[in-house]
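Step one of this worksheet: look at the structure below.
From a predicted model like this one, the values you see are computed outputs, not experimental measurements. Here is the naming used below: chain letters follow the sequence lines, and residue numbers restart at 1 for every chain.
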Amino acid sequence: MEKKLSFSVDNVLNDPQKSALLEINRPVLILAGAGSGKTRVITHKIAYLIKEHGYAPWNILAVTFTNKAAKEMRERVYKLLHMSEDGVHPYSNHSLWITTFHSSCGRILRREIDKIGYKTNFTIYDTDDTKSLIKDVIKANKLPSPSENLYNIISYISRCKNQFETPEHVIQLGMDDGDHFVQQVGKIYELYEKKLFENNALDFDDLLIKTINLFETDSDTLKHYRDLFQYIMVDEFQDTNPCQYKLIKLLAEGRDCISVVGDDDQSIYSWRGADISNIINFGNDFKNCLVVKLEQNYRSTNHILNAAHSVVRRNERRLDKKIWSDKGEGLKLKYFDCDDDRSESEWVVKELLNLHDSEVPLNHIAILYRMNYQSRILEDALNREGIPCIIIGGIKFYERMEIKDMLAYLTVMVNENDSIALKRIINIPKRGIGETTLGKIDIISAELGLSFEKAIDYCVENKMLRNPAKDKLLLFFDWLREIKKKKSDMSISQFFEYIIDEIHYSEHLKENYDNYDDRLENIRELGRAIVQYESEQMEPTLEHFLMEISLRSDIDQFHEEDGAVLLMTAHNSKGLEFENVFIIGMNEGVFPHYRSIDNYEDMEEERRLFYVGITRAKMRCYLSSSNRQMSFGQIKFYKPSRFISEIHPSYIEKVITDEHDDIMQTEQEIFNHYYKKQGENRKILDKLANSSNRIKKSEDIQVGDILLHKEFGEGEVIKINEKGDMTTVLLSFPDGNRLLILKYAQLYK
DNA sequence: GTCGTCTATATTTCT
DNA sequence: TATAGACGAC
């Protein structure tokens, strides 16, 4: 039977897309290949529900992972509903719940969190704040400083949190296994959680966890939101972690009002706890679900799709599907292997200029890489040729020192319990309140279980602080109280300007930083963001603004219309598409990343990441590698990436040029080249570690040879004691003779 | 408590 | 390379 739609999807959607849209009485799992129009399905389905089935916009919850994806989805729905782009008419700006997981939770908690003991003016901590808080916790509680680096501790805690492991349980686990690290982290975790609560702060994970807590402890609230969200859609479902999945289940389980879209081949966030089994097990939790595969790609030509497929099909853990398009074969991928990273970026620039000559606009070109630092050398090369470029990611705007300073000021005005924000600003500009004083207060706060502010009072009352520090503290808090009073008399932007003046922040920047111009400009940019926020919101509040800001990242506000080449990591490119895509640094240890080389599952993820990269390209895809790369001031040698050889040869064309520097054939020559250039840099000697000049056998040397040791320098061979594997050499170094085991000593000719 | 200098040290990726 | 942290001088 044919269904008549006044909201026409007949010419916009293909058959599988349509079936995914029309099914609203069963759960729907949409397995959507790259470029198969999954956003189109979601947005049309939202519009369809509203227009054809009378759903109110606020009764639909659609969640994704990035603000950018959410924003795009919102705009597309507005268009379909003929709303204005800011969504104000005919529904209010708040009417649509098309957001990220984190901001939808933030929005819920902003209203409800007092039900689980927090105050609604809570602060959201980013990774930076989390790091500071953990440092503080270790110090204040006089815990031994852990041998592992902070990042490992933070991610361990985050993993525990996302799997609903309590600190007590983690500590117990650590004791049972005699695992010292786990015990230690468990302790830090416990104190960290306590401190977060004291500070009335939530970290990113908490936004989800506390929402779940809320729903689990307060059934009325859960019921309210279950009734509110009559239909739920999840984009990028392959990226959901246990927490996100649980949240969705809480809201939708037992009902049929859910559609999820995902592509297991594009799962690239397992390091953040994303679990592909969520997509694989979806059918178990949501019975009788309709599975739709979208395999037609609307983006790329087939050589690109086939090349991408020939790589990703090597993964064992994947659902079988193959994307195709009706756009013809198109061009093969172009691959160029370069001598070093400098010539690699020059090659990219050259190809890029060729494209430009054939009238390809610059904003149709993206250059992707595995790690942010790879952008630098490219940026230089592009600048040399005067090609404008925009780098996405990297040092993020909202993570800049001066931005964080000012946001901390605003935060303190809103949440007086936030010790991280308070400590950040208490001595900026210099007020003579230093580490020692703050450390003392932290310790008291930890020992007596007092909040930071209470601990200050306690220290003052009990005369525990010496006079200059004490007076300055009191002075500061007097000042702070005065400032806070002004808050209600002004708009957010006025208040912001007022604080800047009041603390003489521009003077502070001028006195302390060479690049104060840039920093001042950033502050102005933040001011503009505030003004913009105020103009967009019907009821702007500082609390809400700060939340928006803390969940925002750089990629959100890039505009395609800028006539510039885009540079970004492969991760950041997900969900985007470009006529022409370059992927640089196709080397073992770079892409795939060296930390995934020894781990099969990680390697599969790298492969998926590469798959994501290739499938961004509509027309042309360029790949390049380089044998030598300058990284952190050192030259490193690399082999071409295994992924290059994993591409079926019929879809890739290797570029041969005559521009290789034939002069440097051997490792020795390469070494000499740099050695001469950079002088006696010991670090350079490290590079020899893998070179052919490493002496491993006694046949390679004789008495009288001069050998090189990276620490001891040059030494003359005095004696060789043949003992098979354990052969030793006696060498005379500038600082004396040494006996070394040939096999282990790093000696070079 | 602050400032400057030196050294060690780390390098991935939505929110 | 670049930057955070340690250390010592004031």
Between atom CE in A:M401 and atom C1' in C:dT3, what is the gap in whole Å?
14 Å
Is the aromatic ring of A:H571 within stacking range of B:dT12, meaning centres under 5.5 angstrom and planes under 30 degrees?
no
Gap between atoms CD and C1', on A:E605 and B:dT13 respectively (whole Å)
9 Å
Spacing of A:L207 atom CG relative to B:dT15 atom P, expressed in whole Å
13 Å
By the 4.0 Å heavy-atom rule, please label A:S596 as base, sugar-phosphate, or nothing.
nothing
Any cation-pi pair here, A:R642 with A:F591, using under 6.0 Å and within 45°?
no
Nucleotide nearest A:K430 (side chain, heavy atoms from C-beta), chosen from B:dT2, B:dT15, B:dT12
B:dT2
Considering heavy-atom distances to DNA chain B, does A:H593 or A:H102 have its closest nucleotide positioned more toward the 5' end?
A:H593
Closest of B:dC14, B:dT13, B:dT15 to the A:N67 side chain is B:dT15
OP1 or OP2 of B:dT12 under 4.0 Å from side-chain N/O of A:N372:
no
Please determine, for the side chain of A:Y269, which listed nucleotide (B:dT12, B:dC3, B:dT13) has the closest atom?
B:dT13
Within 45° of the axis and under 6.0 Å from the centre of the six-membered ring of A:F65, does NZ or CZ of A:K574 qualify?
no
Rounded to the Å, how far apart are A:Y151 OH and B:dT9 P?
20 Å
Under 5.5 Å between ring centres and under 30° between planes: true for A:F65 and the base of B:dT15?
no
Check every strand shown and say whether A:N427 touches a base, only sugar-phosphate, or nothing at a heavy-atom separation below 4.0 Å.
sugar-phosphate
Length of the CD1-C1' vector between A:I433 and B:dT2, whole Å:
14 Å
Quick one: is C:dG5 close enough that its OP1 or OP2 comes under 4.0 Å of any side-chain N or O from A:K135?
yes
Taking the six-membered ring of A:W271 as reference, does the cationic atom of A:R595 (NZ for Lys, CZ for Arg) lie under 6.0 Å from its centre and within 45° of its axis?
no
Non-hydrogen side-chain atoms of A:I212 and A:C243 separated by less than 4.5 Å:
yes
Nearest-nucleotide check on DNA chain B, A:E435 vs A:T240; residue mapping nearer the 5' end is A:E435
State which of C:dT1, B:dT15, B:dT12 makes the closest approach to the side chain of A:R376.
C:dT1
Do A:R272 side-chain and B:dT13 base share a donor-acceptor contact under 3.5 Å?
no
A:K574 side chain N/O closer than 4.0 Å to the phosphate oxygens (OP1, OP2) of B:dT13?
no
Rounded to the nearest Å, what distance is computed from the CD atom of residue A:E236 to the C1' atom of nucleotide B:dT13?
14 Å
Measure CG/A:D239 against P/B:dT13 and give the value in whole Å, please.
16 Å
Whole Å only: how far is the CG atom of A:N152 from the P atom of B:dA10?
11 Å
Against the side chain of A:T127, the closest entry in B:dT13, B:dT15, B:dT12 is B:dT15
Would you say A:N241 reaches B:dT15's phosphate, i.e. side-chain N/O to OP1/OP2 under 4.0 Å?
no
Distance (rounded to the nearest 0.5 Å) between A:N241 CG and A:Q244 CD
3.5 Å
Quantified in whole Å, what is the C1' atom distance between nucleotide C:dA4 and nucleotide B:dT13?
22 Å
A:R272 with A:D239: basic N within carboxylate O range, under 4.0 Å
no
